Amino acid sequence: MEQIQAKRILQHKKDKSWFGSAYNYNLYQGCPHGCIYCDSRSECYRIEDFSRVRVKKDAISMLREELKSCRKTGIAATGSMSDPYNPYERQYRYTRHSLELLEQFGFGTAIATKSDLITRDIDVLQSIAQHSPSIIKITITTSNDKKAKWIEPHAPLPSERFHALEQLSSAGIFSGVLLMPVLPFLEDDPQEISHLITRCRECGAKFIYPYFGVTLRDRQREYFLDKVKEYSGDIWKRYLEFEDNYQCLCPNIQELWNLFCRECDKNNILYHMSDIIKESQKPYRTEQLSLF
């Protein structure tokens, strides 16, 4: 695998509002899933040929030293730019090694992925959960395997991701779904959203965090519209009607939000970020109070 230079791996975050994470890291650059909506293709990230996976040189040894030198532990998130469970991870195991380091140094983890390969590391995630939050976010934008095969052509199917979610939940890992993006005119069917929520409940999801729309900019916008044009000769034109070229919200967003809240409440699934963070950290706060 090609290696690229990196000045550092672990980035400290001042804002902990995204699933309570205090740190962020990415071992890989690039992703082969080919999702038509992926924002990481945008020019601002300066990554050419984003579909080609590279790994940061000496990533594990660098991460070890950076974790060791941290004054405070906290939740270290991964998966914000590139999926940490790309197909190469099966062989190289960089993500697993990073989790072993987090466990060793007393850090928590928050992982975003579309891959069922994450179930391989349930044992490490359980070890982390003994002392710190271990939060798994499986991205699922539709429960329809056939539609996902076009929208996310090289990612594991939604049915496979639901199965992974069920395994994680059964193992006691705090797990849920990132329902984002919900593509206008393609994934914003109320019945489809309702069915997805039902599947999440059946698989033991603790939370669903949604975004009813998609963000499009510069070359990513062009790529997305070309792909939608291949799928439908008419739908892509509707994207040209959005007043905001960047933030394209579902026209029926209020209907979807009302339905989403109602269904999640009925199924005891969290969806407000503050509630998700509070619930994921609850066991450790109780433990700290009892020790105090």
Side-chain angles (χ1 to χ4, degrees), residues 2 4 6 11 13 15 18-19 24-56 77-88 111-115 137-142 144 146-158 161 177-189 192-193 209-253 256:
E2 181 185 350
I4 57 173
Q11 306 292 331
K13 295 170 55 184
D15 183 359
W18 186 251
F19 290 92
N24 191 63
Y25 72 97
N26 287 286
L27 305 175
Y28 294 101
Q29 184 185 89
C31 180
H33 288 160
C35 305
I36 67 170
Y37 52 74
C38 183
D39 183 61
S40 296
R41 290 190 192 89
S42 302
E43 284 187 35
C44 61
Y45 299 116
R46 300 178 181 178
I47 302 175
E48 295 300 326
D49 190 11
F50 187 75
S51 63
R52 181 160 51 96
V53 178
R54 290 141 282 193
V55 68
K56 295 177 181 177
T78 189
S80 60
M81 282 289 294
S82 304
D83 198 311
Y85 286 97
N86 61 69
Y88 295 100
I111 304 173
T113 183
K114 289 190 179 80
S115 178
K137 303 162 282 181
I138 306 288
T139 299
I140 305 177
T141 67
T142 175
N144 186 313
K146 184 177 180 180
K147 186 182 293 185
K149 194 65 180 173
W150 167 69
I151 293 173
E152 304 159 342
H154 306 303
L157 294 172
R161 287 177 248 170
V177 165
L178 290 179
L179 176 56
M180 56 174 66
V182 175
L183 301 179
F185 320 118
L186 293 165
E187 297 177 319
D188 55 354
D189 182 343
E192 188 172 334
I193 299 297
Y209 196 70
Y211 179 69
F212 295 110
V214 63
T215 56
L216 301 172
R217 54 183 158 193
D218 51 70
R219 63 187 182 190
Q220 162 52 21
R221 179 180 179 82
E222 296 169 8
Y223 182 89
F224 176 82
L225 291 179
D226 285 343
K227 289 298 180 182
V228 176
K229 193 183 298 185
E230 291 175 11
Y231 179 76
S232 167
D234 296 318
I235 291 179
W236 74 276
K237 297 177 183 177
R238 302 179 71 177
Y239 279 86
L240 303 179
E241 299 172 2
F242 283 107
E243 294 182 8
D244 187 341
N245 285 335
Y246 173 64
Q247 191 175 50
C248 303
L249 299 177
C250 297
N252 59 340
I253 187 171
L256 293 178

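These numbers come from a predicted model, not from an experiment. Counting from 1, the numbers follow the sequence of the chain as shown.
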Flag, side chain of [X] to backbone of [Y], donor-acceptor distance under 3.5 Å:
| X | Y | answer |
| --- | --- | --- |
| D218 | E43 | yes |
| E187 | F212 | no |
| R221 | N245 | yes |
| S40 | M81 | yes |
| N26 | Y28 | no |
| R161 | T139 | yes |
| E2 | V53 | no |
| R54 | R52 | yes |
| N252 | D188 | yes |

Note, [X] side chain near [Y] side chain (heavy atom, < 4.5 Å):
| X | Y | result |
| --- | --- | --- |
| L178 | K137 | yes |
| K229 | K237 | no |
| P251 | P184 | yes |
| C31 | C38 | no |
| S42 | R217 | yes |
| V182 | P210 | no |
| L216 | C248 | yes |

**OP:** Go through the side-chain N and O atoms of Y37 and Q220 and say whether any donor and acceptor fall under 3.5 Å apart.
**Re:** no
Subject >> Pair T78-N24, side-chain donor/acceptor within less than 3.5 Å >> reply: no
Original post:
Is the charged tip of R41 near the ring of Y223: under 6.0 Å from the six-membered ring centre and within 45° of its axis?
Top reply: yes
Subject >> Ring-face cation contact, Y85 with K114, 6.0 Å cut, 45° max >> reply: no
Subject >> Which residues share a side chain to side chain donor-acceptor pair (under 3.5 Å) with E241, sequence neighbours left out >> reply: none
Subject >> Trace of the side-chain contact (heavy atoms from CB on, under 4.5 Å) decision for Y239 with L225 >> reply: CA-CA 8 Å; Y239 279 86; L225 291 179; 3.7 Å; yes
[X] versus [Y], closest heavy-atom pair with distance:
| X | Y | answer |
| --- | --- | --- |
| V228 | W150 | CA-CZ2, 3.9 Å |
| E152 | C35 | CG-SG, 3.6 Å |
| F224 | I36 | CD1-O, 3.5 Å |
| G213 | P181 | O-CB, 3.0 Å |

Original post:
Quick one: are the ring centres of Y45 and F50 less than 6.0 Å apart?
Top reply: no
Original post:
Strictly under 6.0 Å, is that where the ring centroids of F185 and W236 end up?
Top reply: no
**OP:** Test side-chain contact (heavy atoms from CB on, under 4.5 Å) on L27 and Y25 and set out the steps.
**Re:** CA-CA 7 Å; L27 305 175; Y25 72 97; 3.9 Å; yes
Euclidean distance, [Y] [atom2] relative to [X] [atom1], rounded to 0.5 Å:
| X | Y | atom1 | atom2 | value |
| --- | --- | --- | --- | --- |
| I140 | L157 | CD1 | CG | 11.0 Å |
| E243 | L249 | CD | CG | 11.5 Å |
| C250 | L186 | SG | CG | 9.5 Å |
| I111 | I138 | CD1 | CD1 | 9.0 Å |
| H33 | S82 | NE2 | OG | 10.5 Å |
| N86 | S115 | CG | OG | 8.5 Å |

**OP:** Quick one: do Y209 and V177 satisfy side-chain contact (heavy atoms from CB on, under 4.5 Å)? Show the steps, please.
**Re:** CA-CA 6 Å; Y209 196 70; V177 165; over 6 Å; no
Subject >> Atom OH of Y88 with >12 non-hydrogen neighbours under 6.0 angstrom >> reply: no
